[in-house]
Amino acid sequence: MNNNRSTFATKLGMIAAAVGSAVGLGNIWRFPYEVGQSGGAAFIIIYLICVAVLGIPLITSEFLLGRRGRANVGGTFKKLAPKTKWGVIGYMSVLASFLILGFYSVIAGWTLEYVYQAFCNGFAGQSSAELGESFKSFSTDTYRPILWLALFLAANFVIIQSGVKNGIEKASNIMMPFLFAVLLIFCIRGLFLPGAEEGLKFLFKPDFSKIDSSVILRAMGQAFFSLSLGMGCLVTYGSYFSDKTRLAKTSVTVVALDTLVAILSGVMIFPAVFSFGISPSAGPDLVFITLPNVFLQMAGGYFWSILFFILLAVAALTSTISMFEVVTAFIHEEYNVSRKKATAWIISLCFVLAVICSLSIGPWSDFTIFGKTIFDLFDYVSANILLPLGGLLVSIFVGYRLDKNIIKEELSNNGEFKVNYLNLFVFILKYVAPVAIIIIFLSGLGLLG
Ligand code: PFF
């Protein structure tokens, strides 16, 4: 089976797919509102430290495991640690993928509605309060969000069932350059708005009095989510890397580009928000309520709003395909189901979960478990429990269980070049990452107050 297993066809395609997974709603929707709510530049500095110290070694570890295992996430652990319980990480990853896909696809569906609204000039003439009302009435509606959700999942189906080279890689090759180009246009536009300096100050001038333990923990959680860490996604993509891929270099590239997009999203959003006198701390609604408001006040707003929501939809799509690939590869390889059949089943199941999530915001919002709606519960369990746990297990597996020679062989492409950071790499995985992740984990469960 492994002889005819796919690999990415080109280096650029491989980078586009991996960066496409990392860059998503986490960067453009979640990062700016987290920055807005956590005091701007101080949050960003902590975020950067987390990304560099934890992100790079953990991404490298996931890539390393995937390429060595040359299998889906469950198969990889089974191969590298036969007859042990490590294969359980496969099931955890599948569970985390479904939970994230459940709520993430709902938000992705919203972005399509907003593309449509923008095309129809639907924001025109609305006050901020009315924009807020429209968002609320749309997001709590029974049918309309489900319609968009179905359309979004159909796009995922087309890409995933076409395979790694012809589906994921081709789609990423088209979508990622578009995403970068649009983001740059927005940043340049934002910088020329009157009063843009206030927004830039908010982003880049740290106020260290704003840093407390909760900000640190939020920044770490954001880093995990944004880098697609802890649920086998990068293990799966790593299994499609060629033998020539330099793993550490690729991780640094993914981290650098993902972080760049997060910061550029800040540069795109905050100057505009400040320029039009809107509060930067609007929270999760920032993108859906505040930005249409900003676009309404901007010259050429009609055009900008269409472009912005397309950008958001594209970013979401390159991330969801990576989550679907985790499950598709798992079912296809572990249970010998054809790729097409596996994709159809998985997307249908995801549709059911996402419909439940969508309804839990609207008509079923009174139904709660542990005081949370199903939508919030999926978000909470995946981001605060499953991702940190997955990351913790990966760091322990590579740090303690995996033969150091295997690490060395993978990092040096079988001795092709020298790896002078090997000891530092293993030290971080053995000690730094587990301790840091346990702190996120406990605080995520509310056990650290
Ligand atoms: N990294 C994606 C984002 O920032 O939107 C979200 C994500 C994708 C999380 C893939 C986890 C994952 F496996």
Side-chain angles (χ1 to χ4, degrees), residues 19-44 46-48 50-51 54-55 96-97 99-111 114 135 139 152 179 183 186 202-203 214-231 233 254-255 257-270 273 279-291 308-309 311-320 322-323 357 361 372 375-388 391 440 444:
V19 174
S21 168
V23 169
L25 295 174
N27 304 60
I28 306 175
W29 164 71
R30 202 168 188 273
F31 181 80
Y33 88 69
E34 283 281 358
V35 171
Q37 289 188 323
S38 308
F43 176 90
I44 297 186
I46 309 287
Y47 176 82
L48 293 179
C50 295
V51 154
L54 292 179
S97 303
L99 295 188
I100 297 183
L101 279 167
F103 73 87
Y104 201 94
S105 320
V106 173
I107 306 172
W110 293 353
T111 66
Y114 272 65
F135 174 66
S139 60
F152 180 76
L179 188 144
L183 199 59
F186 264 103
F202 179 76
L203 262 183
S214 84
V215 171
I216 298 176
L217 295 166
R218 292 251 289 277
M220 282 207 260
Q222 172 62 23
F224 251 81
F225 188 81
S226 187
L227 296 173
S228 309
L229 267 175
M231 48 165 275
C233 186
V254 171
V255 166
L257 290 176
D258 184 68
T259 309
L260 182 71
V261 172
I263 305 270
L264 288 181
S265 301
V267 172
M268 156 173 81
I269 289 172
F270 288 110
V273 163
S279 159
S281 58
D285 302 347
L286 184 71
V287 154
F288 292 102
I289 300 175
T290 310
L291 283 183
F308 176 78
F309 287 107
L311 169 75
L312 211 55
V314 164
L317 185 56
T318 53
S319 292
T320 49
S322 74
M323 290 184 250
C357 278
I361 298 178
K372 291 183 190 308
F375 183 100
D376 290 338
L377 191 74
F378 277 24
D379 182 350
Y380 183 87
V381 171
S382 56
N384 291 333
I385 300 179
L386 292 172
L387 293 191
I440 306 177

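Remember, predicted model here, so these are calculated numbers, not experimental data. Quick note: numbers below take in every heavy atom, side chains included, and nothing from hydrogens, waters or symmetry partners.
- With a 4.5 Å cut-off on side-chain heavy atoms, Phe225 and Ser382 do not count as touching.
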Handout entry: Trace of the side-chain contact (heavy atoms from CB on, under 4.5 Å) decision for Leu257 with Val23
Key = CA-CA 8 Å; Leu257 290 176; Val23 169; 5.7 Å; no
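- Closest approach of Ile361 to Ser139, counting heavy atoms only: CG2-O, 3.7 Å.
- With hydrogens and angles disregarded, a donor-acceptor distance shorter than 3.5 Å links the side chain of Thr111 to the backbone of Ala108.
- Of the possible polar contacts, one joining the Ser322 side chain to the Ser319 backbone as a donor-acceptor pair under 3.5 Å is found.
- In this structure, Pro280 and Phe270 approach most closely via the heavy-atom pair CB-CE2, 3.8 Å.
- The distance from the CD1 atom of Ile107 to the CZ atom of Phe152 is 10.5 Å, given to the nearest 0.5 Å.
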Exercise for the section: Give the intermediate values and the outcome of side-chain contact (heavy atoms from CB on, under 4.5 Å) for residues Met231 and Leu386. Expected result: CA-CA 8 Å; Met231 48 165 275; Leu386 292 172; over 6 Å; no
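- Residues forming a side-chain contact (heavy atoms from CB on, under 4.5 Å) with Ile289 (at least two apart in sequence, or on another chain): Leu131, Phe135, Asp285.
- At a cut-off of 3.5 Å, with distance as the only test, no side-chain donor of Asn27 or Ser265 sits close to an acceptor on the other residue.
- Between Leu286 atom CG and Ile28 atom CD1 the span is 12.5 Å, to the nearest 0.5 Å.
- Atom CZ of residue Phe375 and atom SG of residue Cys357 lie 6.5 Å apart, to the nearest 0.5 angstrom.
- Between Phe378 and Tyr104, the distance separating the two ring centers is not shorter than 6.0 angstrom.
- Between Ile100 and Met323, the closest side-chain pair of non-hydrogen atoms falls below 4.5 Å.
- Atom-to-atom distance recorded for Leu311:CG and Leu179:CG is 5.0 Å, nearest 0.5 angstrom.
- Listed for the Thr318 side chain is a donor-acceptor partner under 3.5 Å among the backbone atoms of Ala315.
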Problem - Trace of the ring pair (Phe, Tyr, Trp, His ring centres under 6.0 Å) decision for Tyr47 with Phe31 - result: CA-CA 10 Å; Tyr47 176 82; Phe31 181 80; 5.1 Å; yes
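- Under the rule for a side chain to side chain donor-acceptor pair (under 3.5 Å), the partners of Ser228 that lie at least two apart in sequence or sit in another chain are Ser21.
- Residue Phe186 holds its CZ atom at 8.5 Å from CG of Leu291, rounded to the nearest 0.5 Å.
- The shortest heavy-atom contact between Val267 and Leu203 is N-CD1, 3.5 Å.
- One finds the CD1 atom of Ile46 at 12.5 Å from the CZ atom of Arg218 (value rounded to the nearest 0.5 Å).
- Taking every heavy atom of both residues into account, Asp379 and Phe103 meet most closely at CA-CE2, 3.4 Å.
- Taking every heavy atom of both residues into account, Phe202 and Val35 meet most closely at CZ-O, 3.9 Å.
- Taking every heavy atom of both residues into account, Asp258 and Ser226 meet most closely at OD2-OG, 2.8 Å.
- With contacts defined as side-chain heavy-atom distances shorter than 4.5 Å, the pair Trp29/Phe288 qualifies.
- With hydrogens and angles disregarded, no donor-acceptor distance shorter than 3.5 Å links the side chain of Tyr33 to the backbone of Val287.
- Evaluation of the side chain to side chain donor-acceptor pair (under 3.5 Å) rule for Arg30 yields Gln222 as partners, not counting sequence neighbours.
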